[in-house]
Amino acid sequence: MLHRFANPARFLRIARWVVPWSASLGLVSGAAGLYLGLAGSPADYQQGDTVRIMYVHVPAAWMALAAYATMALASAVALIWKHPLADLIAKSTAPIGATFTAIALITGALWGQPTWGTWWVWDARLTSVLILLFLYVGYLALWNAFDDPTRAARAAAVLALVGVVNLPIIKFSVDWWNTLHQPASVLKIGGPTIHPAMLTPLLLMALAFLCYFITLLLLRVRGELAARKLRALQAARAEG
Amino acid sequence: MLEARDLTCVRAERVVFAGLGFRLSAGEALLVTGPNGSGKSSLLRLLAGLLPRAAGQVLWHGTAIDDDLAAYRTGVHYLGHLDAAKPALTVAQNLAFWAGLHGVAAERVMPALASFGLDGLASLPARFLSAGQRRRLALARLAAIPASLWLLDEPTIALDRENVRASEAAIARHRAQGGLAVVSSNVAIALPDAHGLDLADFAGRGIAWPDDEAVP
Amino acid sequence: MNGFWLVVGRDLALARRQGGESGLALLFFVLGTVLFPLGIGPETQMLARAGAGLLWIMALLAVLLSLERLFQTDFEDGSLDLLIMAPLAASLTVLAKCLAHWLATGLPMVVTAPLLAIMLAMDPAGLGALTLAMLLATPTLSLIGAIGAALTVGARRGGVLLTLLVLPLYIPVLIFGAGAVEASVAGPGAKGHFMILGALLLMAATLAPPAAAAALRHALE
Amino acid sequence: MDGIVGFLSMGGYWPFVWPAYGAAALGLGGLLALSIRWLRANEAALARLERERPRRSVARSGPAP
């Protein structure tokens with residue numbers, strides 16, 4: 001099975017080719033999204049300019065979920081085919097996903113203040129994103145709980161899969177819990193009712209966030225590969 | 001008949017041993033020696049199917065053990081460094097549990113304890129046992145539960161002269177009945193005409209992550 | 001299958017002999033609930049309003065507290081190797097240990113919950129729902145917690161880590177458990193909640209053992 | 001001038017809109033910077049070790065030390 005170890009050189013070549021493209025596409029779409037979002041699109045008739053926070057809040061929440069899905073997929077590949085590169089991809093995804101989640105929460109609170117009058121509202125979506133943050137923190141903590149990286153990778157992979165199965169159930173329970181205690185939140189954002197002029201900047205920003213995710217993921221995997229080889233060389237030196 | 005071909009073991013991203021092979025047929029024993037950290041325990045855990053192989057094959061009666069790991073394991077005893085004795089249970093209850101789990105009649109428990117001089121302590125909670133006595137309780141498991149392959153990791157540690165002889169006798173009896181034994185030990189242990197395997201010869205070097213240039 | 005009951009019997013014997021975790025968990029559950037009025041004040045409407053939720057949160061934490069040692073002791077004394085190598089499938093071994101853990105820890109809590117509820121001035125109409133909901137939920141808590149316990153075997157600071165990993169997964173059980181009591185007292189009745197708690201239990205009973213067994217196999221590598 | 005000030009005030013909601021974008025920039029930029037610094041550190045250390053390793057393996061592949 002040793003030969004099946006993914007050849008990191010091939011991955012590094014692909015990464016070196018993709019990163020410039022994804023980075024520049026991200027910058028272009030980000031700049032366009034920011035310009036349209038902040039200046040080019042109308043304010044909301046109800047909320048005024050606070051709606052512009054949506055161009056950061058919504059893509060961050062989307063990417064938080066997309067990152068967790070990537071982590072779960074990579075974990076499944078790592079567990080089923082014992083593919084060490086997949087472990088590294090899962091490990092590299094987590095901090096990015098956690099950052100997206102944190103940004104979604106902060107911008108959500110900042111958006112909530114003028115709209116609902118308080119910094120934190122137990123809105124179903126915000127609560128689910130908060131729980132998602134705990135899942136990320138738990139995943140990262142599990143990675144650091146073992147000395148042997150292979151052991152940590154296996155445990156984290158199982159947790160990611162358990163998490164991805166539980167996510168919809170948690171989302172369902174929180175939505176149900178939220179509707180019971182509070183009338184459906186006033187805001188209906190992100191649905192088809194969104195004003196077309198707002199949709200373009202939103203999608204541009206989503207594309208920018210996606211490119212950012214791909215670029216940073218490839219960079220972090222490169223870092224993990226170097227760290228792994230560094231550890232091995234140091235171990236070899238200790239024994240050499 | 002147990003055969004290992006081109007076994008490679010990786011632990012914590014380091015190649016512990018590589019290219020290891022041996023063949024063992026009924027009644028034979030293999031004495032595994034090697035410096036600390038050369039992977040003696042890893043080899044035994046690998047043969048028990050507890051540790052995944054990085055490469056190579058382990059064949060039992062010609063078929064790979066992974067085809068039906070559960071079936072393979074019903075015929076295998078693994079004795080690790082730890083004795084798996086629950087302090088709160090008595091000596092007899094400890095052995096009866098493992099015997100019951102393997103579907104062995106309860107009558108075999110006392111004779112197995114007797115073969116290691118523990119029948120007098122049968123109703124004593126295990127927390128009062130000395131290290132040597134706990135080791136003998138673990139060895140009694142081999143006598144109580146029939147298995148054709150014994151994987152023994154430093155079986156005679158903490159045993160006095162008399163009990164070392166008792167375990168050597170047990171291994172000899174096991175081999176006489178056609179059983180196989182893979183024993184790792186740095187302490188002298190009488191294994192008549194056993195094959196030797198020094199793990200130093202198969203020591204793996206360098207990293208478990210072959211990048212472009214060859215693994216050093 | 002008798003291997004299954006052997007494992008249940010052994011774990012129950014160990015729990016009874018050592019009396020450690022199961023007794024402590026129950027004590028924690030009771031003590032935590034008693035502290036609540038001391039902190040919030042004795043007014044009954046406040047207690048009644050928040051009592052159900054508090055009971056459930058203390059139940060979650062009590063179960064979690066007693067799960068850390070579920071596999072750790074077997075790992076440390078070498079039994080885990082033998083259990084995984086035994087003819088009994090690893091998932092069934094996990095199921096057996098969860099059943100033993102529930103009998104030793106969960107069941108006593110189901111029995112004491114109504115008494116504590118009365119102390120928290122809960123409307124008697126809710127006691128039936130509380131007991132049934134706890135009966136359905138505590139096994140689920142043991143099963144989901146077992147995954148966390150298996151994941152943190154041999155990990156540094158396993159206890160804290162276990163809490164961090166498992167509590168988010170307990171949220172659906174908390175929502176529908178506490179919701180069941182509230183629905184039976186104030187709402188249209190808790191039939192729907194019991195159905196969902198039952199579904200969560202069935203899901204945990206089928207998915208948790210294999211997941212925990214996989215985690216255990218990796219723990220032994 | 002008025003355009004810029006009007007734009008910056010965000011209809012009076014500037015204390016919420018700009019911190020939101022600030023948080024996003026800080027989060028994404030910060031993680032990017034940390035990751036790049038971490039990547040550079042690893043690859044530099046690796047290069048240092050690699051430079052030493054060939055000399056050592058040449059010695060090792062020669063007559064047994």
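For clarity, every value in this text was computed on a predicted model and none was experimentally measured. Chain letters run A, B, ... following the sequence lines, proteins first and then strands; every chain starts at 1.
- With a threshold of 4.5 angstrom between heavy atoms, D/Ile36 approaches chain A through side-chain atoms but not through N, CA, C or O.
- With a 4.5 Å cut-off on side-chain heavy atoms, D/Glu50 and A/Leu233 count as touching.
- Using a 4.5 Å cut-off between heavy atoms, A/Thr99 touches chain D through its side chain atoms alone.
- Of the atoms belonging to D/Trp14, not a single heavy atom falls under 4.5 Å from chain A.
- When each of D/Ala24, D/Pro15, D/Ala23 is checked for heavy-atom pairs under 4.5 Å with chain A, D/Ala24 comes out on top.
- Both tests hold for A/Arg220 against D/Trp38: distance to the six-membered ring centre under 6.0 Å, angle to the ring axis within 45°.
- Heavy atoms closer than 4.5 Å to chain D are found in both the backbone and the side chain of A/Ala227.
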message: side-chain contact (heavy atoms from CB on, under 4.5 Å) for D/Ser35 and A/Leu219? Distances and angles first, verdict last.
response: CA-CA 7 Å; D/Ser35 303; A/Leu219 286 182; 5.5 Å; no

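- Contacts of A/Ala39 with chain D are made by both backbone and side-chain atoms, with heavy-atom separations under 4.5 Å.
- Proximity of D/Leu28 to A/Phe213: side-chain heavy atoms (C-beta onward) are nowhere separated by under 4.5 Å.
- Expressed to the nearest 0.5 Å, how far CD1 of A/Ile103 lies from OH of D/Tyr21 amounts to 12.5 Å.
- At a 4.5 Å heavy-atom cutoff, the contact between A/Leu34 and chain D is made by side-chain atoms alone.
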